[in-house]
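Inspection log for the structure reproduced underneath, given as structure tokens.
Values reported hereafter were calculated over all heavy atoms of this structure, with side chains retained and with hydrogens, waters and symmetry mates removed.
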Amino acid sequence: MMLRSRWLAGLLLPIVVLPLTASTAEAGVLDTLSPGSLTLAPGTTGSLAAGGFRVTVSRPGGQARLAVTSGGRTVWAGVPGRAFAAAGLGRLSWRDRTGMFTPSELIAWTLADQSIDRVGRSGGDVVVGGTLTGGPLKAPYQWRVSAAGQGRLAMHLEVGTVTGSGVHRRPDVVALASERGSGERFHGFGEQFTSFDLAGRRIPVIVREQGIGRGRQPLTAMVDLVSGQGGSWDTTYAPIPFYATSSNRGFALTGGRYSVLDLSRPGLAVAQTWGPRQGAELYAGASPAEVLAAHTASTGRMGALPAWTRDGAVLGLQGGTARVRRIVDEMSASGTKIAAVWLQDWSGQRTTSFGDRLWWTWQLDKNRYPGWDDLVKDLHERGIKVLTYVNPFLVDPPGGSGAAPRNLLAEARDRGYLVARADGSPYMLDQGGFSAALVDFTNPHARLWYARAIATEVAGAGVDGWMADFGEGLPFDAKLYSGDPAELHNRWPMEWAKVNRRACELADRPDCVYFMRSAYTGSAGQAPLFWAGDQLVDWDAQDGLASALRGMLSGGVSGMTLTHSDIGGYTGVDTPLGNYHRSAELLQRWAELAAFGVFFRTHEGNQPAKNAQVYDTEQSRAAFARASRIYAALADYRATVEREAATRGLPALRHTWLVHPGSPAAAADDQFFFGSALLVAPVLKPGASTVPVHLPAGRWINVFTGRAYGDRDRAVQLIVPAPLGTPAAFVRQGDPQGTEIRAALRRAELATPP
């Protein structure tokens with residue numbers, strides 16, 4: 001029970017005569033509800049079934065406890081003697097610096113003591129009700145659970161009006177609290193780039209910019225000083241309020257409001273939501289795969305990609321028609337398998353202090369790409385698809401002879417289709433050197449208009465897909481056609497995905513491929529492909545190559561089953577204390593990792609002239625050609641992996657824990673399985689020619705050299721050779737899929753005979 005006196009007036013609460021505790025209200029202050037005591041009214045103990053789950057209220061050892069079990073196993077329970085629900089009065093505020101949203105969470109009053117006064121049924125649901133109290137304040141609550149499908153249980157907490165000492169209002173924040181086991185590991189939470197196990201952390205669930213540096217110093221501090229976009233370990237474009245644990249159970253919040261999953265206190269897991277109610281789902285299974293299947297059955301699964309995506313590289317190129325033709329010819333001559341070109345600057349390029357940016361007019365820049373139709377036709381005749389770029393923002397087009405014929409910003413503004421400020425004027429958002437307006441997807445007419453614009457102007461340019469960038473920028477103080485930004489901010493990426501899907505339908509391109517960096521619960525059911533955001537052109541685990549791998553693994557566990565990263569990273573930075581430019585070695589190692597994935601795409605980066613590129617030299621072209629042939633050789637196996645994503649919700653890139661959960665190797669974060677058969681240990685450090693690998697029990701064969709490693713009876717950790725050009729990748733001896741993989745690589749002349 002705490003009162004934050006410094007900002008009491010801002011809460012607009014009636015005066016309550018209780019001790020005061022000073023605090024600050026500056027951006028970045030964090031606060032989490034903590035459960036108090038739990039008491040039971042007479043006659044409330046007992047057990048009721050909800051589908052395959054059972055809710056039990058009991059007094060083990062004389063301490064009140066509520067537990068949810070499945071098959072006799074506890075999957076969610078309060079700490080004995082402590083409340084499983086809490087509420088509070090407080091204030092949540094936001095600071096936004098170019099999409100980097102930072103919360104201030106201040107809880108003035110906590111209602112943390114809980115009584116269970118009644119347990120019963122309402123229809124087929126189990127309902128638990130009672131009172132939450134804190135000092136002179138009290139509020140009724142109801143916790144309702146219902147069967148939601150195989151291995152799934154839906155939960156809903158509703159807290160009524162808080163009364164006492166002149167207070168009469170709904171709570172601002174509620175929480176469910178459960179116990180967690182000592183040593184229990186927690187995985188998921190969307191794309192998280194720091195560690196695969198986030199036990200002991202406090203994870204905010206807010207869609208926002210990933211940041212530059214993300215805690216790497218002094219880079220992050222310098223970026224923060226200039227723009228506020230340095231980020232931290234928990235900043236991500238794609239947070240998803242879901243976790244699966246090493247105890248084969250899962251938990252997910254439903255709804256879109258800002259939430260926190262707090263695992264920072266020993267033995268306790270708190271799920272906190274800013275609002276008067278909270279929805280959640282529980283998942284139970286005999287294995288991690290079963291838990292993920294239950295989760296993705298609820299939130300939506302990604303389907304298999306078109307066959308062409310499996311056949312070679314997607315070359316990220318810029319600079320106009322002649323340059324694209326020349327580089328495609330050079331890369332083809334080097335032996336590169338090319339499935340597509342990705343021409344993000346198709347609508348024009350502008351230069352800002354950050355680097356090369358684009359004109360967000362979503363129409364062809366005919367000066368930059370003369371003869372566009374012939375370029376697309378010629379590439380298609382060579383079996384090469386064409387991809388471009390779009391995002392949910394609009395700007396006025398540049399002047400001059402090459403200006404876009406349509407001004408989509410003016411059209412949207414005149415029709416009232418833009419996200420607005422409180423006064424109704426368009427909300428022009430700073431993009432670092434220019435401003436842009438955001439289309440209001442809560443307006444059904446605006447959604448359809450923008451989907452038609454993409455179908456006509458983007459897909460209508462003859463392309464086969466595009467990067468659907470951004471999705472994280474909805475301001476919390478915006479005025480929308482309908483709905484509350486606090487509820488919709490996190491859901492905006494899913495709404496953006498729906499617009500792109502509709503555009504594909506309107507263009508009669510049901511198999512067009514659009515790939516997104518922002519995501520939230522439900523996005524996987526709307527987007528065909530994700531990518532891991534904008535990493536530094538560097539190696540490190542905070543914002544480089546290693547972080548991209550960890551982000552893809554955690555995102556995969558969270559339902560983002562088909563994902564990839566920019567080969568070589570994206571963000572280059574020049575600072576007084578050192579520059580971040582892509583090296584040829586980093587580019588090659590990143591390509592070697594990406595070859596074992598579902599989309600093999602390069603990016604020139606925000607500073608193309610300062611970055612090593614795959615087309616620079618004969619050596620770089622040859623190295624990339626080999627990686628592209630590895631990727632293409634795995635096409636048939638890749639199709640199998642994608643089918644598993646669609647039918648079972650299993651990610652293409654799998655942490656070892658997901659494939660061998662009982663093995664000591666399950667704790668290895670810097671390796672992965674591509675599907676269930678192919679174990680990859682990528683080189684994540686510069687200058688290395690060997691790499692550590694944790695092998696589960698069994699004999700494992702290097703798919704390129706044929707050399708055998710490991711022990712048939714136990715897991716082992718080894719240092720294995722991984723020279724440039726020969727990634728460390730293994731299949732289990734005797735595995736039929738592994739045999740097929742090795743045969744495919746031999747046919748492509750990439751592996752030694754057995």
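- Taking each heavy atom of Ala677 and Ile741 in turn, the nearest pair found is CB-CD1, 4.3 Å.
- In this structure, Asp711 places its CG atom where more than 12 heavy-atom neighbours from other residues, nucleotides or ligands lie under 6.0 Å away.
- The side-chain hydrogen bond (donor to acceptor under 3.5 Å, both in side chains) search around Arg742 returns none, not counting sequence neighbours.
- There is a side-chain donor-acceptor pair under 3.5 Å between Gln671 and Thr656.
- Remark: Phe242 engages Tyr283, His295 in a ring-ring contact (aromatic ring centres under 6.0 Å, His included) (not counting sequence neighbours).
- The distance from atom OG1 of Thr602 to atom CG of Asp566, rounded to the nearest 0.5 Å, is 9.0 Å.
- Looking only at distances, no side-chain donor or acceptor of Arg712 sits under 3.5 Å from a matching main-chain atom of Gly698.
- Contacts of Arg621 classified as salt bridge (Lys or Arg N to Asp or Glu O under 4.0 Å), with partners at least two apart in sequence or in another chain: none.
- Using a 3.5 Å distance cut-off with no hydrogens or angles, the side chains of Tyr570 and Asn606 do not pair a donor with an acceptor.
- To the nearest 0.5 Å, the span separating NZ on Lys337 from CG on Asp311 amounts to 8.5 Å.
- For the residue pair Ser565/Trp590, the side-chain donor-acceptor check at 3.5 Å is satisfied.
- Ring planes of Phe189 and Tyr243: tilted class, angle from 30 to 60°.
- Stacking of Arg214 on the aromatic ring of Trp233 is not recorded, the 6.0 Å distance cut-off and the 45° axial limit not both being met.
- Aromatic pair Phe672/Phe596: ring centres not closer than 6.0 Å.
- A distance-only check finds no donor-acceptor pair linking the side chain of Trp700 to the backbone of Ala708 [under 3.5 Å].
- Put simply, the side chain of Ser518 never gets that close to the backbone of Pro493: no donor and acceptor are under 3.5 Å apart.
- Side chain of Thr220 to backbone of Gln217: no donor-acceptor contact under 3.5 angstrom is found.
- For the pairing with Asp538, the salt bridge (charged side-chain N to carboxylate O under 4.0 Å, His left out) check across Lys685, Arg589, Arg216, Arg582 returns one residue only, Arg216.
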Legend entry - Worked verdict on Phe186 versus Phe196 for ring pair (Phe, Tyr, Trp, His ring centres under 6.0 Å): CA-CA 8 Å; Phe186 285 70; Phe196 190 66; over 10 Å; no
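- Phe673 has its ring centre no less than 6.0 Å from the ring centre of His655.
- Under the 3.5 Å distance criterion, the side-chain polar atoms of Ser554 are matched with a main-chain donor or acceptor of Gln192.
- Shown here are the salt bridge (Lys or Arg N to Asp or Glu O under 4.0 Å) partners of Arg699, two or more places apart in sequence or in another chain: there are none.
- Defined by atom type and a distance below 3.5 Å, a donor-acceptor pair is missing between the side-chain atoms of Ser246 and Glu184.
- The distance from the CG atom of Leu593 to the CD atom of Gln588 is 13.0 Å, given to the nearest 0.5 Å.
- Between Thr236 and Glu191 the shortest heavy-atom distance is OG1-O, 2.7 Å.
- A salt bridge links Asp329 and Arg382; the closest N-O separation between the charged side-chain nitrogens and carboxylate oxygens is under 4.0 Å.
- Pairing each heavy atom of Leu650 with each of Ala289, the nearest pair is CD2-CB, 3.8 Å.
- Contact check on Arg323 versus Glu604 returns a salt bridge, with a Lys/Arg side-chain nitrogen under 4.0 Å from an Asp/Glu carboxylate oxygen.
- Aromatic rings from Phe193 and Tyr237 are positioned such that their centres are separated by 6.0 Å or more.
- Between Ala666 and Pro661, the closest heavy-atom pair is CB-O, 3.8 Å.
- For Gln717 (side chain) and Leu695 (main-chain N/O), no donor-acceptor pair under 3.5 Å exists by modelled atom type.
- Using a 4.0 Å cut-off between charged nitrogen and carboxylate oxygen, Asp262 and Arg201 do not count as a salt-bridge pair.
- Residues Val683 and Thr690 come closest through the heavy atom pair CG2-O, 4.4 Å.
- Within the 3.5 Å criterion, the main-chain N or O of Ala665 finds a donor-acceptor partner in the side chain of Ser663.
- In this structure, CG in Leu562 is found 4.5 Å from CE in Met302, a value given to the nearest 0.5 Å.
- Between the side chains of Gln737 and Arg732, no donor-acceptor pair of N or O atoms lies under 3.5 Å.
- The salt bridge (charged side-chain N to carboxylate O under 4.0 Å, His left out) test with Asp345 singles out one residue from Arg350, Arg368, Arg357, and that residue is Arg368.
- A distance-only check finds a donor-acceptor pair linking the side chain of Trp346 to the backbone of Tyr389 [under 3.5 Å].
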Inset, instruction - Let me see the working for Tyr637 and Phe674 under ring pair (Phe, Tyr, Trp, His ring centres under 6.0 Å), right down to the final yes or no. - result: CA-CA 9 Å; Tyr637 176 67; Phe674 179 36; 5.5 Å; yes
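- Checked against the 6.0 Å centroid criterion, the rings of His564 and Phe530 do not qualify as a close aromatic pair.
- Of the charged side-chain nitrogens involved, at least one lies within less than 4.0 Å of a carboxylate oxygen, so that Glu644 and Arg654 count as a salt-bridged pair.
- A salt bridge between Asp534 and Arg517 is present, with a side-chain N of the basic residue lying under 4.0 Å from a carboxylate O of the acidic one.
- Qualifying salt bridge (Lys or Arg N to Asp or Glu O under 4.0 Å) partners for Asp735, counting only residues two or more places apart in sequence or in other chains: none.
- Remark: side-chain polar atoms of Trp466 are not paired, donor with acceptor, to backbone N or O of Ala468 under 3.5 angstrom.
- Taking CZ from Arg550 and CG from Asp669, the interatomic distance works out to 5.5 Å, rounded to the nearest 0.5 Å.
- Not counting sequence neighbours, the partners of Glu642 by the salt bridge (Lys or Arg N to Asp or Glu O under 4.0 Å) test are Arg310.
- The distance from the CD atom of Gln535 to the CD atom of Gln542 is 13.0 Å, given to the nearest 0.5 Å.
- The minimum heavy-atom distance linking Ser628 with Gly335 is given by the pair OG-O, 4.4 Å.
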Inset, instruction - Run the numbers on Asp469 and Val390 for side chain to side chain contact (heavy atoms under 4.5 Å, CB included), then give the verdict. - result: CA-CA 6 Å; Asp469 205 355; Val390 71; over 6 Å; no
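- Of the charged side-chain nitrogens involved, none lies within less than 4.0 Å of a carboxylate oxygen, so that Arg202 and Asp234 do not count as a salt-bridged pair.
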